[in-house]
Amino acid sequence: MNDVTPTKEDVYDVIIIGGGPAGLTAGIYTTRARLSTILFEKLGAGGQAALTDRVENYPGFAEGISGGKLVQGMEAQAKSFGIITIFGEATRVECRDGDTIKRVYVDNDPVPYKALSVIIAAGYKQRKLGVPGEGELTGRGVSYCATCDGAFFRDQSVAVVGGGDVALEDGLFLTKLAKKVFIIHRRDRLRAAKILQERAFRHDRVAIILDSVVDEILGQTKVQGVRVRNLKTGEFKEVKADGVFVLIGWIPNLSFLNGTVELSDDGYIMVDSEMRTSREGVFACGDCCKKGLKQIVTACGDGATAAFSAQQFVERLRGEAYA
Ligand SMILES: Cc1cc2nc3c(=O)[nH]c(=O)nc-3n(C[C@H](O)[C@H](O)[C@H](O)COP(=O)(O)OP(=O)(O)OC[C@H]3O[C@@H](n4cnc5c(N)ncnc54)[C@H](O)[C@@H]3O)c2cc1C
């Protein structure tokens with residue numbers, strides 16, 4: 001990512017874990033505040049946003065912008081202020097009681113990097129169906145985010161896989177755009193809130209297919225439908241659809257935290273309005289936090305707030321706080 005090699009002897013002001021929009025924005029703010037900052041990214045800068053063909057809802061781009069281009073700009077901006085970015089996976093964060101230094105272990109190396117504060121921006125990953133066609137057609141009709149991609153299916157047919165609140169909320173949202181929405185769920189009843197179920201069942205553009213799983217997503221260069229298997233009868237049928245929204249849950253990328261900070265019941269980091277976690281000096285931002293709207297713009301806002309909180313924390317530790 002860049003040529004500077006950080007040392008494990010130095011104590012940095014901030015370590016950021018994750019190089020998506022949240023982590024990169026945090027890095028822009030910490031480096032502009034002249035805090036020495038290293039950012040670890042395990043895959044490639046940009047996070048999930050880099051996978052998005054066209055982002056139409058990030059302010060300032062009336063024609064939309066490719067997700068890749070947007071996050072490349074964020075990375076370049078953070079580098080211009082002096083961030084050190086390194087390919088590597090944070091595998092453990094250690095905060096010892098009574099010690100102001102936090103230790104971040106990377107790629108299971110026994111010698112940690114050290115910092116006064118840590119910002120966790122690790123995002124989450126969507127649960128996948130794991131069926132043929134899913135990987136090949138992701139971004140070509142297979143999506144994991146109706147808010148992001150729904151507009152591409154105006155007046156078309158879409159299939160939503162899942163039966164929870166998110167699947168139904170997003171399925172109902174898609175009725176505003178698509179001409180037909182098939183909701184496919186493996187159980188004999190939906191799990192979503194009753195009010196959502198009532199709305200879905202009475203909507204004339206929604207068809208609910210229960211007791212059924214998607215065995216294959218069909219199409220060569222773009223989605224053309226799904227092959228559905230009824231779990232009770234064993235029968236197969238093809239449902240024609242131009243898009244498939246897989247909404248069967250998410251898994252936050254937080255196994256490396258191992259009890260360092262408080263998590264919600266569903267595994268997200270609990271933060272306050274200043275993006276402080278339950279652990280002093282550890283902040284979090286973006287999709288790995290417990291919150292409602294998970295989007296690029298909210299990830300960036302969280303990142304800026306987390307950076308500002310980290311700045312205040314570090315300056316207080318050093319006795320440099322601006323009273
Ligand atoms: C297909 C798709 C389309 C989307 N379209 C839109 C859209 O149009 N508009 C919109 O606003 N939002 C969209 N989103 C949502 C948006 O991409 C996310 O809300 C946003 O990227 C969240 O940013 P983040 O930085 O919190 O997390 P992420 O983007 O998930 O970034 C987290 C980063 O942390 C890294 N990481 C995780 N664990 C570790 C570790 N232990 N060590 C080091 N690195 C680690 C990951 O590799 C990743 O790069 C879309 C999402 C998808 C999947």
Side-chain angles (χ1 to χ4, degrees), residues 1 15-28 38-61 64-71 74-75 78 85-93 104-109 113 118-128 134-135 137-152 170 243-247 250-258 260 268-269 271 275 283-307:
M1 286 168 147
I15 287 179
I16 299 173
I17 300 172
L24 289 171
T25 307
I28 292 169
I38 343 180
L39 179 151
F40 293 101
E41 167 53 52
K42 67 175 178 181
L43 294 176
Q48 302 212 54
L51 308 173
T52 313
D53 248 6
R54 199 155 110 240
V55 178
E56 292 184 332
N57 53 5
Y58 190 82
F61 299 94
I65 181 169
S66 96
K69 203 165 171 198
L70 181 63
V71 289
M74 294 182 193
E75 190 188 10
T85 52
I86 306 173
F87 277 123
E89 176 172 3
T91 40
R92 188 153 71 93
V93 176
V104 175
Y105 296 80
V106 176
D107 293 333
N108 289 313
D109 192 295
Y113 289 90
V118 175
I119 297 178
I120 302 160
Y124 65 60
K125 53 180 181 264
Q126 283 86 0
R127 267 183 219 283
K128 303 267 158 83
E134 184 180 22
L137 295 167
T138 292
R140 296 168 174 184
V142 174
S143 170
Y144 300 86
C145 176
T147 320
C148 317
D149 297 331
F152 300 120
D170 284 8
V244 179
F245 288 86
V246 180
L247 301 169
W250 294 274
I251 315 167
N253 297 317
L254 299 175
S255 49
F256 65 91
L257 282 178
N258 205 12
T260 309
Y268 292 87
I269 300 175
V271 282
M275 311 317 286
F283 307 88
C285 49
D287 284 4
C288 62
C289 299
K290 183 74 182 169
K291 64 174 186 172
L293 185 64
K294 294 187 171 73
Q295 290 277 274
I296 300 169
V297 69
T298 55
C300 293
D302 291 352
T305 304

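Just so you know, ligand 1 is whichever comes first in the structure, and atom 1 is the first atom listed for that ligand.
With ligand atoms numbered from 1 in the order given, ligand 1 contributes 7 (C), 8 (O), 9 (N), 10 (C), 11 (O) to contacts under 4.0 Å with heavy atoms of Asn57. Distances below 4.0 Å separate heavy atoms of Phe40 from the following atoms of ligand 1: 43 (C), 44 (N). Within ligand 1, the atoms closer than 4.0 Å to a non-hydrogen atom of Ala121 are 32 (C), 33 (C), 34 (O), numbered from 1 in the order shown. Taking every non-hydrogen atom of Phe256 and a distance limit under 4.0 Å, the qualifying atoms of ligand 1 come out as 41 (N). Of all atoms in ligand 1, numbered sequentially from 1 with element shown, those under 4.0 Å from a heavy atom of Ala90 are 40 (C), 41 (N), 42 (N), 43 (C). Within ligand 1, counting atoms from 1 as listed, the ones closer than 4.0 Å to a heavy atom of Gly286 are 26 (O). Each of the following atoms of ligand 1 lies closer than 4.0 Å to a heavy atom of Gly88: 42 (N), 43 (C). Those atoms of ligand 1 with a heavy atom of Gln126 less than 4.0 angstrom away are 53 (C).
Distances between N or O atoms of Pro21 and those of ligand 1 include at least one value under 3.5 Å. Close N/O approach between Glu89 and ligand 1 is not found [any backbone or side-chain N/O within under 3.5 Å].
The option from Glu41, Lys42, Glu56 that lies nearest to atom 35 (C) of ligand 1, judged by heavy atoms, is Glu41. With Gly47, Ala22, Gly139 as candidates, the residue nearest to atom 24 (P) of ligand 1 on a non-hydrogen basis is Ala22. The option from Ala122, Cys289, Ala146 that lies nearest to atom 36 (N) of ligand 1, judged by heavy atoms, is Ala122. When the options Gln48, Arg92, Gln295 are ranked by their closest heavy atom to atom 30 (O) of ligand 1, first place goes to Gln48.
For the atom pair CD of Glu41 and CD1 of Ile17, the computed distance is 11.0 Å after rounding to the nearest 0.5 Å.
A cation-pi arrangement is not found for Lys125 relative to Tyr144, the charged atom failing to lie both closer than 6.0 Å to the ring centre and inside a 45° cone about the ring normal. Geometric assessment of Lys69 against the ring of Phe61 yields a negative cation-pi assignment under the 6.0 Å and 45° thresholds.
Between Leu137 and Val244, every side-chain heavy-atom pair lies at or beyond the 4.5 Å cut-off. Counting heavy atoms from C-beta on, the side chains of Gln126 and Thr138 never come closer than 4.5 Å. Between Asn253 and Cys288 there is no side-chain heavy-atom pair separated by less than 4.5 Å. Two residues are said to be in side-chain contact when any heavy atoms from C-beta on lie closer than 4.5 Å; Asn57 and Val297 fail this criterion.
Protein heavy atom nearest atom 27 (O) of ligand 1, with residue, atom name and distance: Gly123 CA, 3.5 Å. Here the protein heavy atom with the shortest distance to atom 13 (C) of ligand 1 is Cys148 SG, 3.1 Å.
Using a 4.0 Å cut-off between heavy atoms, Ile17 contacts ligand 1 through its side chain alone, with no backbone atom that close.
Here the two cysteines Cys145 and Cys148 have their SG atoms closer than 2.5 angstrom.
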